[in-house]
Amino acid sequence: MDKILSGIKPTGKLTLGNYIGAIKNFSKIQYEGETFLFIADLHALTLPIDPVELSNNSRDICAYYLAAGLDPKHTTIFLQSTVCEHSEMAIILQNYLYMGELSRMTQFKDKSQKMDQNAIGLGLFAYPVLMAGDIVLYDAKRVPVGEDQGQHVEITRDLVKRFNHRYGDVLVMPKAEMVKVGARIMSLSDPTKKMSKSDPKGDIFLSDDLAVMRKKIMSAVTDTGHEVKYDVENKPGISNLMTIYGALKNKSFDEIEKEFEGKGYGDFKRAVADAVVEEMEPFKARYNEVIASGLVDQVLQEGAIRAKAVASKTLERVKRAVGLYNINK
Ligand code: AMP
Ligand code: TRP
């Protein structure tokens, strides 16, 4: 059975983009393999974050995973920081990724450009090293992520190739996997920008009330004209709403265009809002139940034990391969 692995970083509030591009898909594919899903809390430290917010966000992501139908009996759900092999693996792997290639990563460039150039943490620069370690520790072949994380999986592939070339067939080659519709949900206030956790106006947060979600969709920026047609270039706003609608209703763009032929943007927006509310209402109710049940801590404790059992074996294999002296022969 193929190993499947992904993670979400507990910075900011989760968005509908995270739900469509990642979480919903995780629950759909979990039984296709041995699945590991974690909360990338060490990655969250690469930019300044309030400690209380970090730990609350971490708990919330676990609760959202469970609310989305991830089954902790099958899928190993854990916190990255509870499996120390992640940190140890990163220390080893940092020697096989180069400063030139790390400095060309889009995420690093985007985030570091906005910062005081004298106060960019080493962790932000080395982000892909930690992420490569996350992936190889579980021998993951499939890495389901949204579009923005594709480059990080690509650099992991480069690392695996380089490492195996030097030491033999030690690491498993991963591959990024993206949902067909919804790998990049755009902001509702500026549909040329990604919906990100840091844009309160254009984002639908999973924590928003249903009425707020509806309102945000009804006031989403649309384009000139009145035809519901998929055309990212000329109709980025409508195309983004079509993507949201298509992903939630499992409909193709052709089907959506036919459904709304002769109708205006208003009718279409109402249908998108209905679709979002229909999906989010039970999801949010389950989230509240999970939070109230105390299940989160139990799942994360069991997950840590299961994840560690797998990660420690891989780390051992890597240590032997590079020649770290083994005192437990
Ligand atoms: P992050 O919020 O950066 O930790 O991302 C968690 C997961 O959600 C990753 O797989 C991202 O690629 C995915 N994701 C984040 N934002 C979006 C978006 N706007 N549309 C689709 N997927 C997204
Ligand atoms: N970098 C990812 C994000 O921001 C989170 C992440 C960390 C991840 N390690 C991973 C995703 C390993 C997939 C596999 O979304």
Side-chain angles (χ1 to χ4, degrees), residues 3-26 29 35-47 49 54 57-58 60-61 64-65 68 78-81 83 86-87 89-90 93 105-108 110-111 123-124 126-157 159-160 172 174-199 202-206 239-240 243-244 246-248 307 311:
K3 304 251 176 58
I4 304 173
L5 170 128
S6 197
I8 295 185
K9 147 174 112 259
T11 49
K13 296 191 279 188
L14 289 197
T15 68
L16 189 65
N18 294 126
Y19 179 80
I20 292 176
I23 299 176
K24 185 177 160 72
N25 179 46
F26 298 159
I29 64 172
T35 306
F36 296 86
L37 210 50
F38 67 101
I39 296 137
D41 53 353
L42 293 172
H43 275 109
L45 291 174
T46 57
L47 287 174
I49 183 164
L54 173 57
N57 287 346
S58 300
D60 281 355
I61 292 181
Y64 282 127
Y65 282 161
F78 64 101
L79 274 168
Q80 186 184 31
S81 64
V83 180
H86 288 254
S87 306
M89 186 64 108
L93 295 186
M105 300 305 286
T106 307
Q107 183 174 300
F108 175 71
D110 284 355
K111 307 246 162 162
L124 186 66
Y127 188 108
V129 175
L130 182 60
M131 180 152 163
D134 299 337
I135 295 171
V136 300
L137 268 177
Y138 300 90
D139 292 335
K141 274 198 178 156
R142 298 173 59 185
V143 185
V145 282
E147 206 176 276
D148 59 345
Q149 294 301 315
Q151 200 184 29
H152 286 152
V153 182
E154 274 313 305
I155 202 173
T156 303
R157 289 171 59 84
L159 179 145
V160 167
V172 170
K175 196 166 189 312
E177 229 175 60
M178 283 155 211
V179 290
K180 279 200 203 77
V181 177
R184 189 172 168 86
I185 300 291
M186 310 306 277
S187 157
L188 297 176
S189 60
D190 178 358
T192 62
K193 268 182 20 202
K194 191 187 77 159
M195 186 180 279
S196 72
K197 292 167 181 161
S198 49
D199 169 16
D203 282 359
I204 291 189
F205 297 116
L206 300 183
S239 301
N240 187 39
T243 304
I244 294 173
L248 295 179

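Only a predicted model underlies this, so the values are computations on that prediction, with no experimental measurement involved. Ligands are counted one by one from 1 in listed order, and the atoms in each one are counted from 1 as well.
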For ligand 2, is there an N or O atom under 3.5 Å from any N or O atom of D134?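 Yes, since at least one N or O of D134 sits under 3.5 Å from an N or O of ligand 2.
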
Looking at [X], which atoms of ligand 2 are within less than 4.0 Å of one of its heavy atoms?
{"X": "Y127", "value": "1 (N), 2 (C), 3 (C), 4 (O)"}
{"X": "V143", "value": "13 (C), 14 (C)"}
{"X": "L5", "value": "12 (C), 14 (C)"}
{"X": "A40", "value": "7 (C)"}
{"X": "H43", "value": "7 (C), 9 (N)"}

What atoms of ligand 1 come within less than 4.0 Å of a heavy atom belonging to [X]?
{"X": "V145", "value": "10 (O)"}
{"X": "I8", "value": "4 (O), 6 (C)"}
{"X": "A22", "value": "7 (C), 8 (O), 10 (O)"}
{"X": "G21", "value": "21 (C), 22 (N)"}
{"X": "G182", "value": "21 (C)"}

So which protein heavy atom does [atom] come closest to, and at what separation?
{"atom": "atom 22 (N) of ligand 1", "answer": "G17 O, 3.2 Å"}
{"atom": "atom 5 (C) of ligand 2", "answer": "G7 O, 3.6 Å"}
{"atom": "atom 10 (O) of ligand 1", "answer": "G146 N, 2.9 Å"}
{"atom": "atom 20 (N) of ligand 1", "answer": "I185 N, 2.8 Å"}
{"atom": "atom 4 (O) of ligand 1", "answer": "K9 N, 3.0 Å"}
{"atom": "atom 8 (O) of ligand 1", "answer": "N18 ND2, 3.0 Å"}
{"atom": "atom 1 (P) of ligand 1", "answer": "K197 NZ, 3.4 Å"}

Checking E177 side chain against V143 main chain: does a donor-acceptor pair fall under 3.5 Å?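 No, because the side chain of E177 does not come within donor-acceptor range (under 3.5 Å) of the backbone of V143.
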
Can a donor-acceptor pair be found, under 3.5 Å and without considering hydrogens, that links the side chain of Q151 to the backbone of T106?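 Between the backbone of T106 and the side chain of Q151 there is a qualifying donor-acceptor contact (under 3.5 Å).
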
Short side-chain donor-acceptor distance under 3.5 Å, D41 and S81: yes

At what distance, to the nearest 0.5 angstrom, does [atom1] of [X] lie from [atom2] of [Y]?
{"X": "I135", "Y": "T156", "atom1": "CD1", "atom2": "OG1", "result": "4.0 Å"}
{"X": "K175", "Y": "R157", "atom1": "NZ", "atom2": "CZ", "result": "6.5 Å"}
{"X": "F108", "Y": "T46", "atom1": "CZ", "atom2": "OG1", "result": "10.5 Å"}

Contact partition for V153 relative to ligand 2, non-hydrogen atoms under 4.0 Å: neither

For ligand 2, indicate whether the residue D148 contacts it via side chain, backbone, both or neither (heavy-atom separation under 4.0 Å).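 The answer is neither; D148 stays 4.0 Å or more away.
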
Return yes when atom NZ of K3 has more than 12 non-hydrogen atoms of other residues, nucleotides or ligands closer than 6.0 Å, and no otherwise. yes

In the structure I gave you, are the side-chain heavy atoms of V160 and V172 within less than 4.5 Å of one another anywhere?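 Side-chain contact under 4.5 Å: no.
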
Salt bridge check: are D148 and R184 linked by an N-O gap of less than 4.0 Å?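 No, no charged N to carboxylate O under 4.0 Å.
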
Less than 4.0 Å is my threshold; does some heavy atom of D148 fall inside it relative to ligand 1? yes

Which word best sums up how the rings of F26 and Y65 line up, parallel for under 30°, tilted for 30 to 60°, or perpendicular for over 60°? perpendicular

Could you check whether the rings of Y138 and F36 sit parallel, tilted or perpendicular, using 30° and 60° as the cut-offs? tilted

Region of R184 engaging ligand 1 - heavy atom pairs below 4.0 Å: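 Looking at R184 and ligand 1, just backbone atoms fall under 4.0 Å.
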
Heavy atom under 4.0 Å from ligand 1: found in A40's side chain, backbone, both, or neither? neither

For Q149, run the side chain to side chain contact (heavy atoms under 4.5 Å, CB included) check against E154, M131, M178 and tell me which one passes.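 With Q149 as partner, side chain to side chain contact (heavy atoms under 4.5 Å, CB included) holds for just one option, M131.
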
What residue among I8, L124, D134 forms side chain to side chain contact (heavy atoms under 4.5 Å, CB included) with H43?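 One option only clears the test, and that one is D134.
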
Atom of G150, atom of V145 and distance for their closest heavy-atom approach: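 Smallest interatomic distance, heavy atoms only, reads N-CG2, 4.5 Å.
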
Shortest heavy-atom approach to atom 6 (C) of ligand 2 - which of M131, Q149, K9, H152: M131

